[in-house]
2 protein chains.
Amino acid sequence: MLDQKDYATLLNDALRRNETIVISCNCNIRYSGRAESLLKDGDRLVIIKADNALMVHQPTGNNPVNYMKPNTSHNMVIENEKLLLKSRNLALKENMDITINRIHFFNSQKLIDGKSIVISGTESDMANMLYENPEMIEKGFKPVSQEEQTKYGFIDVLGVDSSGMLTVIECKRYCADLGAVTQLRRYVERLMVSKGITKVRGIIAAPKITPNAFKMLSDWGYTFVSIKPPKYLEDFNKKQSRLDNF
Amino acid sequence: MLDQKDYATLLNDALRRNETIVISCNCNIRYSGRAESLLKDGDRLVIIKADNALMVHQPTGNNPVNYMKPNTSHNMVIENEKLLLKSRNLALKENMDITINRIHFFNSQKLIDGKSIVISGTESDMANMLYENPEMIEKGFKPVSQEEQTKYGFIDVLGVDSSGMLTVIECKRYCADLGAVTQLRRYVERLMVSKGITKVRGIIAAPKITPNAFKMLSDWGYTFVSIKPPKYLEDFNKKQSRLDNF
DNA sequence: ACACCAAGCAGCAAT
DNA sequence: ATTGCTGTTTGGTGT
């Protein structure tokens with residue numbers, strides 16, 4: 001059975017070696033920085049990674065209840081006969097104190113992982129699809145640029161319609177909301193000013209749009225085109241149909 | 001030394017008991033759902049919580065590289081002589097397969113935590129502060145409602161200035177950006193329509209504002225007031241001064 | 001470094 | 001369930 005001093009030594013050594021540390025414990029937590037927070041006694045998982053990022057997880061929920069960003073310094077001390085993990089990030093002016101009542105288990109070890117995740121089906125993939133297949137927007141639409149992130153905002157697809165009118169397309173992977181419409185409006189207005197023209201078309205390309213957003217869109221003379229993002233659920237549906245056959 | 005079948009049994013039993021499970025392993029991951037993702041072999045921490053949420057953490061970074069939401073079903077099987085954790089969420093049409101090459105360590109146990117975190121220093125706290133101390137906006141400003149979430153959008157603070165003009169205040173905890181200005185503009189326009197009046201003032205209350213956002217704000221005749229969110233860094237500064245004294 | 005924006009955003013409240 | 005919006009948002013890209 002390890003005592004408090006053993007745990008303090010274990011943890012501080014593991015930190016020095018940049019190991020990945022997992023502590024299951026009963027603790028309370030105080031955070032101060034961009035906001036202030038307090039969390040009373042309970043069982044949690046405390047994880048410290050090789051880059052000195054720290055996360056505290058309660059037994060339910062996807063997100064950490066408390067965390068510190070990478071490059072935080074951590075130090076385990078004994079204070080008032082309890083283990084106290086002091087985490088300090090001077091650069092971000094954040095600090096956290098975890099007072100540990102009891103350790104359920106402790107593990108630390110070097111993890112090696114050089115791989116990066118590859119994701120597809122993002123909004124950018126959707127813009128690519130429309131650029132490659134402009135007829136999905138409407139007949140005669142010709143894209144002139146894609147992911148124009150510099151001059152007039154971050155326009156997903158910019159093009160010219162069959163009548164030669166400049167057209168801005170804003171893509172959304174999901175249901176377009178009010179924010180999407182105001183975003184589109186901003187791009188259209190900027191383009192009108194910078195090009196010195198009085199009419200620019202605006203199109204929202206998304207699988208669907210909320211009623212309020214559609215009303216605002218129509219009020220401003222913009223249009224909506226229903227487009228599904230590429231690869232969306234494709235793999236799942238393939239798998240499902242295979243399961244169904246079985 | 002446990003073999004694959006032992007681990008499969010261990011995990012499936014732990015899942016049945018709704019324990020919190022931590023697996024350190026070398027694995028690769030395939031996800032399909034709202035997007036598609038692929039992550040090749042590497043060392044990671046896999047966590048499954050009592051509510052059947054799952055997270056996969058690489059050895060660096062705050063965020064999980066892959067995850068499944070609560071209420072996902074998990075099942076460990078042996079396939080092609082390897083451990084395979086199949087996670088399925090039929091309701092969300094998401095699935096994940098984690099192929100495990102080697103388990104470094106495994107732990108599971110019941111965690112008990114009934115406490116909720118208490119946070120202060122949020123945007124809502126900022127709105128409260130302005131409601132209680134309207135002179136922080138300007139002399140003669142009188143708030144009439146706070147967090148008006150129903151009638152005209154989600155206005156942080158609504159009030160009347162010294163000349164009796166209706167005024168919308170949009171709070172931001174940090175630097176206000178273009179999105180904050182378009183948000184404010186939406187509220188002002190909605191109010192003008194719904195109240196049938198031609199002039200409504202708009203104010204952004206934030207510690208600072210980006211140049212572009214300030215230009216757009218001015219162009220639209222709105223104003224900026226520099227306000228810091230309450231309690232921001234207060235506790236840290238207190239601590240720091242104590243440390244400095246020491 | 002700052003500005004701007006997407007995210008498998010998440011989580012929350014109100015409709 | 002959908003809509004709208006905050007977040008200790010995070011993370012990426014371009015200027």
Side-chain angles (χ1 to χ4, degrees), chain A residues 31-37 53 61-70 89 92-96 117 119-127 147-156 170-180 182-183 186-187 208-213 229 231-233 236, chain B residues 31-37 53 61-70 89 91-96 117 119-127 147-151 153-156 170-180 183 186-187 208-214 229 231-233 236:
Chain A
Y31 161 79
S32 174
R34 289 175 289 185
E36 321 272 321
S37 81
N62 267 117
N63 289 346
V65 66
N66 276 119
Y67 60 90
M68 296 289 277
K69 297 241 176 92
N89 193 316
L92 300 176
K93 293 193 176 185
E94 295 186 290
N95 64 51
M96 186 179 294
I117 192 167
I119 298 180
S120 69
T122 62
E123 188 174 292
S124 162
D125 292 327
M126 195 170 165
E147 302 265 327
E148 184 89 15
Q149 309 215 355
T150 48
K151 296 163 208 145
Y152 314 115
F154 293 57
I155 293 167
D156 291 330
E170 173 62 28
C171 304
K172 290 293 161 197
R173 285 178 35 43
Y174 296 112
C175 193
D177 59 9
L178 289 172
T182 52
Q183 206 178 332
R186 225 164 56 208
Y187 299 153
K208 52 183 196 144
I209 187 167
T210 67
N212 280 350
K231 280 195 178 179
Y232 183 51
L233 297 186
F236 175 85
Chain B
Y31 161 79
S32 174
R34 287 176 290 185
E36 318 275 322
S37 82
N62 267 121
N63 288 346
V65 66
N66 275 118
Y67 59 89
M68 295 290 275
K69 298 244 177 90
N89 192 318
L92 300 176
K93 293 190 175 186
E94 295 186 291
N95 64 51
M96 187 180 295
I117 193 168
I119 299 181
S120 70
T122 62
E123 188 174 291
S124 161
D125 291 327
M126 196 172 164
E147 303 267 328
E148 186 89 14
Q149 307 216 357
T150 48
K151 298 162 207 145
F154 294 56
I155 294 166
D156 291 332
E170 173 61 28
C171 304
K172 289 292 160 197
R173 292 185 69 250
Y174 298 113
C175 193
D177 59 8
L178 289 172
Q183 204 177 339
R186 227 164 56 210
Y187 298 155
K208 53 184 194 146
I209 186 166
T210 66
N212 280 350
F214 185 73
K231 279 195 178 179
Y232 184 56
L233 298 186
F236 176 84

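Only a predicted model underlies this, so the values are computations on that prediction, with no experimental measurement involved. Naming: A, B, ... by sequence-line order, numbering from 1 per chain. Excluded from the calculations below are hydrogen atoms, water molecules and symmetry mates; all remaining heavy atoms, backbone and side chain alike, are included.
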Quiz prompt | Residue closer to the 5' end of DNA chain D, Ile119(B) versus Asp177(A) (nearest nucleotide) | solution = Asp177(A)
Quiz item: Mapping Ile209(A) and Ile117(B) onto DNA chain D by nearest heavy atom, which one lands closer to the 5' end?
Solution: Ile209(A)
[N] OP1/OP2 closer than 4.0 Å to side-chain N/O of [X]:
X         : N       : value
Arg34(A)  : dT6(D)  : no
Tyr174(B) : dA3(C)  : no
Tyr67(B)  : dC9(C)  : no
Lys69(A)  : dT10(D) : yes
Arg173(B) : dC5(D)  : no
Asn212(A) : dG4(D)  : yes
Thr210(A) : dT2(D)  : no
Ser124(A) : dA6(C)  : no
Arg186(B) : dG4(D)  : no
Lys172(A) : dA6(C)  : yes

Quote, to the nearest angstrom, the [atom1] distance that separates [N] from [M].
N       : M      : atom1 : result
dG14(D) : dG8(C) : C1'   : 24 Å
dC4(C)  : dT8(D) : P     : 23 Å
dA6(C)  : dG7(D) : C1'   : 15 Å

Quiz item: Between Asn63(B) (CG) and dA6(C) (P), how many Å, whole number?
Solution: 18 Å
Practice problem: Rounded off to whole Å, could you give me the CD-to-C1' distance for the Gln183(B) and dC5(C) pair? | Solution: 15 Å
Quiz item: Within the structure shown, what part of the strands sits under 4.0 Å from Met96(B) by heavy-atom distance: base, sugar-phosphate, or nothing?
Solution: base
Quiz item: Reckon Lys208(B) touches a base, only the sugar-phosphate, or nothing at all at heavy-atom distances under 4.0 Å?
Solution: nothing
Quiz prompt | Partners meeting side chain to side chain contact (heavy atoms under 4.5 Å, CB included) with Asn62(B) (sequence neighbours left out) | solution = Ala53(A), Met55(A), Tyr67(A), Lys69(A), Pro70(A)
Self-check item: Residues that Thr122(B) engages under side chain to side chain donor-acceptor pair (under 3.5 Å), provided they are two or more places apart
Solution: Asp125(B)
Quiz item: If you pin Asn62(A) and Thr122(A) to their nearest nucleotides in DNA chain C, which one's is more 5'?
Solution: Thr122(A)
Quiz item: Taking atom types as modelled, is there a side-chain donor on Tyr31(B) or Glu94(B) under 3.5 Å from an acceptor on the other?
Solution: yes
Exercise. Ignoring hydrogens and angles, answer whether the base of dG8(C) and the side-chain atoms of Asn66(B) contain a donor-acceptor pair closer than 3.5 Å.
Key: yes
Quiz item: Do Glu94(B) and dG8(C) share a donor-acceptor pair, side chain to base, under 3.5 Å?
Solution: yes
Quiz item: Of all the base pairs, Watson-Crick or G-U under 3.5 Å, which form stems of three or more consecutive pairs involving DNA chain C?
Solution: C:1-7 with D:9-15, C:9-15 with D:1-7
Self-check item: Any Glu170(B) side-chain heavy atom under 4.5 Å of Glu123(B) side chain
Solution: yes
